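Here the structure comes first, spelled out in structure tokens, and everything after it is commentary.
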Amino acid sequence: MIKNISVIGTGYLGATHAACMAELGFDVVGVDVDPEKIERLSRGELPFHEPGLPELIRRHVDSGRLRFTTDLDAVGSWADIHFIAVGTPQQSGGTGADMTFVDTAAAGLARAITKDALIVGKSTVPVGTARRLRDLVAEESREGVRVALAWNPEFLREGFAVQDTLRPDRLVVGTDSPEDEATLREVYADALSRETPWVATDFETAELVKVAANAFLATKISFINAFSEVTETVGGDIRTLADAIGHDARIGRKFLNAGVGFGGGCLPKDIRALQTRVSELGLDHTMNFLNEMDQINLRRRDRVVTLAEQILGDLSGRRIAVLGVSFKPLSDDVRDSPGLDVANRLFNSGAEVFVHDPEGNANAAKRFPRLGYVDSLSEAAQDADLVVLTTEWDEFKALTPADLDGVVAAKNFLDARHVLDAAQWEGAGWTFAQLGRHFPQD
Ligand SMILES: NC(=O)c1ccc[n+]([C@@H]2O[C@H](COP(=O)([O-])OP(=O)(O)OC[C@H]3O[C@@H](n4cnc5c(N)ncnc54)[C@H](O)[C@@H]3O)[C@@H](O)[C@H]2O)c1
């Protein structure tokens with residue numbers, strides 16, 4: 001019977017997974033190389049923003065069912081299952097995935113494990129990794145100890161991470177033995193009792209399911225944004241277009257929201273890593289379309305800056321409010337954030353930039369300390385020559401012209417997420433630009 005679980009890496013994925021495993025009744029230890037993170041988690045404090053997770057962590061730390069350590073050896077002799085949830089960022093100076101953290105964690109675990117156990121990779125990795133790690137683990141593990149390996153990619157969405165982990169829409173496990181699949185069925189018995197689809201497959205398929213899902217989502221976003229480039233040129237309404245094609249059940253409306261595009265710690269680096277891996281396999285052209293999706297996505301950021309220049313002329317010394325620098329609402333994650341990139345580009349063009357994000361300011365300030373960071377929307381918009389909405393937080397979506405009347409210096413608004421009602425703002429005397437909509441000065 002599975003009782004003890006370790007989770008290696010306690011970032012967005014690992015901290016969530018550890019807390020949810022404790023919620024399911026297992027005894028859990030989270031391991032990380034960052035002592036500050038471990039110290040905070042041990043006090044029941046979450047070092048990042050994720051709705052519902054602080055309560056879960058506190059409850060299970062208090063009950064003693066969830067603990068944290070930097071000591072890998074301590075879990076090697078204790079856990080039945082070890083989940084690997086460390087980062088796989090883009091290589092610095094390259095487009096492939098940096099596998100250093102996964103390789104270090106797997107080799108370290110293999111050496112630390114002193115009783116039969118299963119290592120389960122959850123990180124997003126290039127296809128071929130699981131098979132390679134299985135051999136690495138076999139070489140590094142102690143004699144007489146069976147250390148098996150499985151891959152179980154994670155599909156959680158930041159902002160909904162707890163719900164997605166406890167109530168996943170599917171579970172995918174890649175194993176090379178029925179015994180290891182059975183062990184994972186035991187871990188996920190709760191979800192299985194609710195008839196969650198269970199996809200049991202080989203290593204390669206499991207690894208590819210994750211990157212294929214991300215590639216598809218990125219493509220869907222860039223697809224509608226490519227049409228935005230067209231409607232910006234000829235006129236037309238991108239939202240109506242998205243609604244109309246979305247009514248087709250084969251297409252669906254989700255992920256067809258035109259705007260400043262995707263970002264975050266997953267989609268951008270995952271589509272680049274997939275192209276790189278597939279090229280390494282000798283399939284030079286197969287994933288080339290993803291490069292096009294990446295370019296469409298990055299061009300949206302240029303478009304925001306161009307529109308700002310069309311509205312204000314030279315940006316030097318102009319005051320611009322940027323609303324939203326986390327890569328999406330309900331998160332403080334600013335990795336590859338379109339809003340933060342836009343804020344920085346506006347700053348580099350000479351503008352004085354004031355940023356407000358309900359959760360992302362602190363992380364953004366670590367990355368770009370020269371931007372102005374303020375605690376409220378109205379402080380950001382105070383005396384602004386232009387207000388730019390870059391992340392669709394509810395408080396920004398609820399904005400009306402009256403909220404900014406008498407606050408801004410000039411009535412100029414750029415809705416880079418296509419979430420506000422143009423007629424309402426134009427009716428109130430604003431110059432109102434949206435991505436995906438023809439702008440009179442084009
Ligand atoms: N964030 C998401 O929404 C999400 C969703 C699905 C999949 N993923 C994938 O999950 C993985 C982790 O992503 P994340 O967003 O949680 O990253 P993260 O950067 O928030 O967390 C990674 C953690 O791993 C720790 N770490 C690095 N090397 C270690 C080692 N040898 N031993 C112990 N800890 C170590 C780091 O200190 C860090 O705390 C990535 O492969 C990512 O693509 C993330």
Side-chain angles (χ1 to χ4, degrees), residues 1-7 9-30 46 50-63 65-66 79-85 117-124 130 148-203 205-214 216-217 249-250 252-255 266 328 330-331:
M1 208 181 88
I2 310 296
K3 194 174 167 298
N4 299 339
I5 288 182
S6 86
V7 180
T10 57
Y12 287 92
L13 165 59
T16 309
H17 194 69
C20 289
M21 288 293 115
E23 178 73 3
L24 292 175
F26 298 104
D27 283 329
V28 183
V29 173
L46 186 64
E50 181 59 47
L53 189 54
E55 296 80 354
L56 213 56
I57 299 235
R58 213 169 304 127
R59 190 161 79 240
H60 293 300
V61 165
D62 286 350
S63 73
R65 196 184 286 162
L66 177 60
D80 309 299
I81 298 199
H82 304 268
F83 284 99
I84 294 184
L118 178 63
I119 297 179
V120 184
K122 286 201 81 62
S123 304
T124 305
L149 189 112
W151 218 263
N152 167 222
E154 179 56 55
F155 301 95
L156 68 79
R157 299 160 298 165
E158 285 176 27
F160 302 91
V162 172
Q163 166 192 327
D164 287 350
T165 306
L166 292 175
R167 303 260 187 281
D169 51 18
R170 81 289 214 189
L171 285 158
V172 177
V173 297
T175 62
D176 63 356
S177 95
E179 192 184 319
D180 299 334
E181 189 208 324
T183 304
L184 283 165
R185 276 185 175 273
E186 199 182 323
V187 172
Y188 290 117
D190 180 72
L192 287 174
S193 71
R194 272 176 282 101
E195 306 203 343
T196 306
W198 176 258
V199 183
T201 183
D202 51 69
F203 290 150
T205 308
E207 293 165 329
L208 283 170
V209 168
K210 173 63 190 175
V211 289
N214 277 358
F216 189 82
L217 294 173
R250 293 169 303 175
R253 180 62 175 82
K254 286 185 179 161
F255 272 67
C266 290
K328 67 175 198 171
L330 300 177
S331 175

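The figures here come from the full heavy-atom set of this structure, side chains too, leaving out hydrogens, waters and symmetry mates. On a predicted model such as this, the values are computed, not experimentally measured, just so you know. Numbers for residues simply follow the sequence, beginning at 1.
Within the model, atoms CG of Leu46 and CG of Leu53 stand 4.5 Å from one another, a figure rounded to the nearest 0.5 Å. The distance from the CG atom of Leu24 to the CZ atom of Arg65 is 9.5 Å, given to the nearest 0.5 Å. In this structure, Ile119 CD1 and Ile81 CD1 are separated by 11.0 Å, a value rounded to the nearest 0.5 Å. In this structure, Met1 CE and Glu186 CD are separated by 7.0 Å, a value rounded to the nearest 0.5 Å. The distance from the CD atom of Glu207 to the OG1 atom of Thr201 is 10.5 Å, given to the nearest 0.5 Å. If you take OG1 on Thr196 and CZ on Arg170, they are separated by 11.5 Å, rounding to the nearest 0.5 Å.
Residues Val173 and Arg185 have side chains not in contact (no heavy-atom distance under 4.5 Å, counting atoms from C-beta outward). You'll find the side chain of Pro178 stays beyond 4.5 Å of the side chain of Glu181, heavy atoms only. Counting only heavy atoms from C-beta outward, the side chains of Cys20 and Val162 approach each other to under 4.5 Å. At a threshold of 4.5 Å between non-hydrogen side-chain atoms, the residues Glu23 and Leu166 count as touching.
Across Ala85 and Gly9, no two heavy atoms sit closer than the pair CB-O, 3.8 Å. In terms of heavy-atom proximity, Phe26 sits nearest to Ile5 at CG-CD1, 3.6 Å. Counting all heavy atoms, side chain and backbone alike, Val28 lies closest to Ala22 at CG2-N, 3.5 Å. Between Phe203 and Ala150, the shortest heavy-atom distance links the atoms CE2-CA, 4.1 Å. A pairwise comparison of heavy atoms in Leu149 and Asp176 identifies O-OD1, 4.4 Å as the closest pair. Closest heavy-atom contact between Ser193 and Asp190: OG-O, 2.6 Å.
Of the options Val61, Leu56, Asp62, a side-chain contact (heavy atoms from CB on, under 4.5 Å) to Arg58 is made by Asp62 and by none of the others. Screening Asn152, Thr124, Val172 against Lys210 for a side-chain contact (heavy atoms from CB on, under 4.5 Å) leaves a single residue, Thr124.
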Asn214/Val211 under side chain to side chain contact (heavy atoms under 4.5 Å, CB included): CA gap, chis, key distance, verdict: CA-CA 5 Å; Asn214 277 358; Val211 289; 5.6 Å; no
From CA spacing to verdict: side chain to side chain contact (heavy atoms under 4.5 Å, CB included), Asp180, Val120: CA-CA 10 Å; Asp180 299 334; Val120 184; over 6 Å; no
Verdict with reasoning, Leu13 to Lys122, per side chain to side chain contact (heavy atoms under 4.5 Å, CB included): CA-CA 9 Å; Leu13 165 59; Lys122 286 201 81 62; 4.1 Å; yes
Worked check of side chain to side chain contact (heavy atoms under 4.5 Å, CB included) between Phe155 and Asp164: CA-CA 8 Å; Phe155 301 95; Asp164 287 350; over 6 Å; no
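Ionic pairing of Lys3 and Asp27 is present here: one or more N-O contacts between side-chain nitrogen and carboxylate oxygen are shorter than 4.0 angstrom.
Not a single donor-acceptor pair under 3.5 Å links the side chain of Asn4 to the backbone N or O of Asp80. Of the possible polar contacts, none joining the Glu50 side chain to the Thr16 backbone as a donor-acceptor pair under 3.5 Å is found.
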